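Right, one structure below, let's go through it.
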Amino acid sequence: MKILVINAGSSSIKYQLLDMDTQKPLASGVVERIGEDMGTISHKAFPGTPEENKFSAEKPFPTHKEGMHEVVALLTDSEKGVIKDRSEISGIGHRIVHGGEYFFAPAVVDNDLIEKLRKTIPLAPLHNPGHIIGIEVALELFPGVKQVCVFDTAFHQTMEPKAYMYGVPYELYEETGLRRYGAHGTSHKYITDQAAKYFGKPKEECNFVTVHLGNGASLSAVKNGKCYDTSMGLTPLGGIIMGTRCGDIDPAIVGYIADQKGWDLQKIIDTLTHESGLKGICGSNDLRDIHKRREEGDERAQLAFDMATHRCRQFIGAYFFELGKVDAIIFTAGIGENDPLYRAAVLEGLENFGIKVDAEKNENWNRQPSAISTDDSAVKVLVIATNEELEIANETVAILNK
Ligand code: ADP
């Protein structure tokens, strides 16, 4: 069975075609700059294998429809293609950033779903409009193929009100849906499932702190396999310090900047979203660059690293108290998988709490779901590569089989 996973943005479409028998991608790529004078497509057949076959081109994609047409043409190309015909695709899984309070689980696309997605646009104005266009184009290009939406917020819908409510007038929640929704739920769920497999027990018997550290980053407290708390807030701007996003700040800062600098609200939000975090402190949001500069004695790079790891550690500490008992701390995503220095800084000196990182295992993680803690560490520290596309494809298959 083959499943096409689509992540449509306002001017881009990321895609991956997976073979569900091998659980491996057959092709993946991204169409960008849709709607601009000139667009781009980068496509890989058999990504990550020795036979990997790359292709890229520049051409205009006036709308998402032309972009998706190009994707189908590449997938079915007589030379470069990985399938003969689009009828080989059994189902389509759409990655959806925000499902509001409507969706606790993946759902089949129908008119009612699209209507609910429209209602959640104010909560994800940069993402959900693009997702809706992606769904509409896919419905047109793949008539009769079942389409499923998998929501980044769904995993966090098990939080209790005490965790997701903000201390603001209750009417704001009732009237506008203002509450914590979380992000990266598909990744938090995937590594929760993988870690339960690692321990060989049902996830309902597991408590974890899951740490997704990419350019965007969030932590979750997972109690009995379900999300109990998470660091992201109403939008993906909250929580820990990220690549370019500020994370949690004193809300009065917004008014203070407006007052002191005369900036309008949009400029302030843009600054907190794109010019803050690691980049705001030291000018770079790439840990590889930051480490190089730290070695050269760059104080701002050191400060950025110290601030980010300090905040991450605070959340882990908070979630330990919330959960009471923790089986494992699990790191994933770009930084979580690739940066032993970040992991070591976050968990340094916690032996009294039963957390002991094995320096050698941490340095040489083998890319398999495995522990980087010592054998006698009461709390295991795992690193598990996330795979959101595979999770979306598996969720899609589960719904197709229902
Ligand atoms: P996104 O949220 O955009 O999907 P990723 O999960 O791909 O982000 O993470 C990207 C980040 O991972 C980069 O900005 C960089 O800071 C970090 N990263 C990637 N590779 C390495 C590495 N080898 N060492 C340290 N950090 C890395």
Side-chain angles (χ1 to χ4, degrees), residues 5 7-10 12-16 25 28-30 32 42 44 47-48 95-98 124 126-127 130 150 152-153 182-191 194 210-220 230-232 235-247 273-296 298 300-309 311-312 330-347 362-367 372 383-392:
V5 172
N7 178 1
S10 55
S12 68
I13 304 168
K14 283 192 196 142
Y15 59 93
Q16 193 171 102
S28 67
V30 57
E32 285 172 301
S42 335
K44 278 186 210 169
R95 185 217 175 182
I96 308 292
V97 161
H98 219 301
L126 299 181
H127 293 99
V150 180
D152 266 1
T153 45
H184 311 120
T186 306
S187 177
H188 288 285
K189 177 174 183 293
Y190 178 78
I191 61 172
Q194 294 292 312
T210 51
V211 189
H212 176 107
L213 298 171
N215 250 321
S218 66
L219 289 86
S220 290
T230 198
S231 63
M232 279 292 198
T235 73
L237 195 47
I240 61 171
I241 292 174
M242 292 167 257
T244 65
R245 301 181 219 157
C246 59
T273 306
H274 302 297
E275 305 298 333
S276 297
L278 295 168
K279 185 179 173 199
I281 297 298
C282 76
S284 171
N285 57 324
D286 193 315
L287 260 309
R288 289 162 287 198
D289 183 34
I290 290 173
H291 291 316
K292 199 164 149 271
R293 286 171 47 194
R294 285 170 63 225
E295 279 168 26
E296 293 159 4
D298 185 319
R300 287 289 190 88
Q302 185 64 48
L303 176 63
F305 179 74
D306 290 343
M307 287 169 64
T309 51
R311 194 66 67 79
C312 182
I330 311 156
F331 287 93
T332 197
I335 300 167
E337 293 165 29
N338 297 303
D339 194 343
L341 296 172
Y342 197 113
R343 296 191 298 249
V346 165
L347 298 180
N362 181 36
E363 200 57 48
N364 301 307
W365 175 63
N366 60 10
R367 300 216 63 85
I372 56 159
V383 183
I384 298 178
T386 196
N387 194 337
E388 287 154 294
E389 289 79 10
L390 179 59
E391 177 68 23
I392 292 169

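Remember, it's 1-based here, ligands and their atoms both numbered in the order they're listed. In this text the structure is predicted, and so the values were computed from the model without any measurement.
- Side-chain contact check for Asp339 and His291: at least one donor-acceptor pair (N or O, by modelled atom type) lies under 3.5 Å.
- Tested against Thr332, the residues His184, Glu337, His212 include a single side chain to side chain donor-acceptor pair (under 3.5 Å) partner, Glu337.
- You'll find the side chain of Cys246 reaches within 4.5 Å of the side chain of Leu237, heavy atoms only.
- Shortest contact from atom 16 (O) of ligand 1 to any protein heavy atom: Leu287 N, 2.9 Å.
- Atom numbering of ligand 1 starts at 1 in the shown order; those under 4.0 Å from a heavy atom of Asn285 are 14 (O), 16 (O).
- The shortest N or O to N or O distance between Gly334 and ligand 1 is under 3.5 Å.
- Considering backbone and side-chain atoms alike, Asn215 places an N or O below 3.5 Å from some N or O of ligand 1.
- Counting protein heavy atoms only, atom 21 (C) of ligand 1 is closest to Asn338 CB, 3.5 Å.
- The side-chain heavy atoms of Leu278 and Leu287, taken from C-beta on, include a pair separated by under 4.5 Å.
- Residue Ile335 approaches ligand 1 through these ligand atoms, each under 4.0 Å from one of its heavy atoms: 12 (O), 16 (O), 17 (C).
- Counting the atoms of ligand 1 from 1 in the order shown, those under 4.0 Å from a heavy atom of Asp339 are 25 (C).
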(request) Test salt bridge (charged side-chain N to carboxylate O under 4.0 Å, His left out) on Glu389 and Arg95 and set out the steps. (result) CA-CA 8 Å; Glu389 289 79 10; Arg95 185 217 175 182; over 6 Å; no
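- Between Met242, Arg288, His291, His212, it is Arg288 that holds the heavy atom closest to atom 19 (C) of ligand 1.
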(message) Run Phe331 and Leu347 through side chain to side chain contact (heavy atoms under 4.5 Å, CB included) and show every step you take.
(response) CA-CA 11 Å; Phe331 287 93; Leu347 298 180; 3.6 Å; yes
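- For atom 15 (C) of ligand 1, the closest heavy atom belonging to the protein is Asp286 OD1, 3.5 Å.
- Here the side chains of Cys282 and Asp298 are not in contact, with every heavy-atom distance at 4.5 Å or above.
- Counting only heavy atoms, the protein never gets under 4.0 Å from atom 4 (O) of ligand 1.
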(request) Determine, stepwise, if the pair His188 / Asp152 fulfils side chain to side chain contact (heavy atoms under 4.5 Å, CB included). (result) CA-CA 9 Å; His188 288 285; Asp152 266 1; over 6 Å; no
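- Of all the atoms in ligand 1, the ones that sit under 4.0 Å from a non-hydrogen atom of Gly214 are 2 (O), 5 (P), 6 (O), 8 (O), 9 (O).
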(message) Pair Thr309, Leu341 - check side chain to side chain contact (heavy atoms under 4.5 Å, CB included), show working.
(response) CA-CA 10 Å; Thr309 51; Leu341 296 172; over 6 Å; no
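- Heavy-atom separations between Gly243 and ligand 1 are all 4.0 Å or longer.
- The distance from ligand 1 to the heavy atoms of Gly216 drops below 4.0 Å at these ligand atoms: 2 (O).
- Residue Leu213 has no N or O atom closer than 3.5 Å to an N or O atom of ligand 1.
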